[in-house]
Amino acid sequence: MPELPEVEVTKQGIAPFLEGKIIDKIVVHQPQLRWIVPDDVQLACQHKINSVTRRAKYLFINTDVGALVMHLGMSGKMRVVDSNLPRKKHDHIEIELQTGKKLVFNDARRFGSCLWQSPTQPPLKILRSLGPEPLTDEFDENVLFRRSRGKLSPVKTFIMSNEVVVGVGNIYANESLFLSGIDPRRAAGKVSLKRYKLLTENIKQVLAKAIEQGGTTLKDFAQADGNPGYFAQHLLVYGRAGDECEVCQSPIRSVVIGQRNTFYCVKCQK
DNA sequence: ATTGACTCCTGATGGC
DNA sequence: TGCCATCAGGAGTCAA
């Protein structure tokens, strides 16, 4: 269930082991992932990794000849271990480095991806219509306000849409709407600029806080089962149907919005 | 143009 | 204890 913070922490965790290192070999054990072109991926072999970057929930392993574009899907995990360590269940891709270490992509549910972006080709289709990064200044209340005018769809669906802003998944959408006192079912076009300002701030804050907490687990990437996990984050509404709201003690209710489980406080959120 | 249903997959969970 | 059935969920695809 990696959301943006988990992907960012993964990036920070693996980058020191990869940057400046040469890829020796890429072994794809399981090509039945969401998207993968195993032959293209091989183009990275024998090239130096210049950097590891992130855009939305995609991780880029950049070389002079192109980039491996990886997505963790629902259950994807990365870890860096000694090359001679045996594979574990659901280890689908192994990227071996000349340093004697390897980056292992493990993904039980196989919603993850590994694509190749050549610098001479147009951007991959999946990268073309991405909205602003939530933690940059490009993402502000004006973006949400302008793009939402006239929209009848729920504000929760709206902020989870990648064309509006990237990286706000189900958990943090629920949490940031709670912190902003906005009913997730409210039509996106009926939310005021003032409330979008609050929502924008809360989205930034909740994501930044999760990244910060994840930073304390960075060392795990060098261990046998690298696991950024969900850290120990305290969730106020997500997964708490029937519990009392910590602010007003009213019950937390759950409903389905856009095929996604949604949690909100009946009293705090209007 | 928008919106909603459906799809991929496995592990966790609950009922019996 | 085991055996279903159900559900979760990112994000693209397809149909309405």
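Just so it is clear, the model here is predicted, and its values are computed rather than measured. Within every chain, numbering begins at 1; the chains are lettered A, B, ... in the order of the sequence lines, protein sequences first and strands thereafter.
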**Item:** Residue that, paired with A:His71, satisfies ring pair (Phe, Tyr, Trp, His ring centres under 6.0 Å) out of A:Phe60, A:Tyr58, A:Trp35
**Value:**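 Considering A:Phe60, A:Tyr58, A:Trp35, a ring pair (Phe, Tyr, Trp, His ring centres under 6.0 Å) with A:His71 is found only for A:Tyr58.
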Remember a base hit wins even if backbone is also touched, and classify [X] as base, sugar-phosphate or nothing at under 4.0 Å, heavy atoms.
X        : answer
A:Phe158 : nothing
A:Asp107 : nothing
A:Arg110 : sugar-phosphate
A:Ile126 : sugar-phosphate
A:Gln259 : base

Measure from [atom1] on [X] to [atom2] on [N] and round the result to the nearest Å.
X        : N      : atom1 : atom2 : value
A:Leu33  : B:dT10 : CG    : P     : 11 Å
A:Lys125 : C:dA11 : NZ    : P     : 16 Å
A:Leu130 : C:dA11 : CG    : P     : 9 Å
A:Met160 : B:dG4  : CE    : P     : 14 Å
A:Leu124 : C:dG12 : CG    : C1'   : 14 Å
A:Trp35  : B:dC8  : CH2   : P     : 15 Å
A:Asn106 : B:dG11 : CG    : P     : 10 Å
A:Phe263 : C:dA8  : CZ    : P     : 8 Å

**Prompt:** For the side chain of A:His71, counting heavy atoms from C-beta on, which of C:dT13, C:dG10, C:dG12 is nearest?
**Reply:**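 Nearest nucleotide to the side chain: C:dG10.
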**Message:** Which nucleotide wins on minimum distance to the side chain of A:Phe111, given the candidates B:dG11, B:dC8, C:dG12?
**Reply:**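 So the nucleotide nearest the side chain must be B:dC8.
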**Item:** Closest approach of A:Ala187 to A:Leu152 (non-hydrogen atoms, all atoms of both residues)
**Value:**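 Answer, listing the atom of A:Ala187 first, then A:Leu152: CB-O, 3.6 Å.
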**Prompt:** Atom NZ of A:Lys197 and atom CG of A:Asn202: how far apart are they, to the nearest 0.5 Å?
**Reply:**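 Going from the NZ atom of A:Lys197 to the CG atom of A:Asn202 covers 11.0 Å.
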For [X] and [N], is the shortest distance between a side-chain N/O and OP1 or OP2 below 4.0 Å?
X        : N      : value
A:Arg260 : C:dG10 : yes
A:His90  : B:dG11 : yes
A:Lys151 : B:dA1  : no
A:Lys57  : C:dA11 : yes

**Item:** Residue from A:Arg79, A:Gln30, A:Lys77, A:Lys102 passing side-chain hydrogen bond (donor to acceptor under 3.5 Å, both in side chains) with A:Asp91
**Value:**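 Passing option: A:Arg79.
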**Prompt:** Just wondering, are more than 12 heavy atoms of other shown residues or ligands nearer than 6.0 Å to NZ in A:Lys21?
**Reply:**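 Enclosed: over 12 neighbouring heavy atoms sit under 6.0 Å from NZ of A:Lys21.
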**Message:** On DNA chain B, compare the nucleotides closest to A:Ala108 and A:Leu152; which residue's is nearer the 5' end?
**Reply:**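 This one resolves to A:Leu152.
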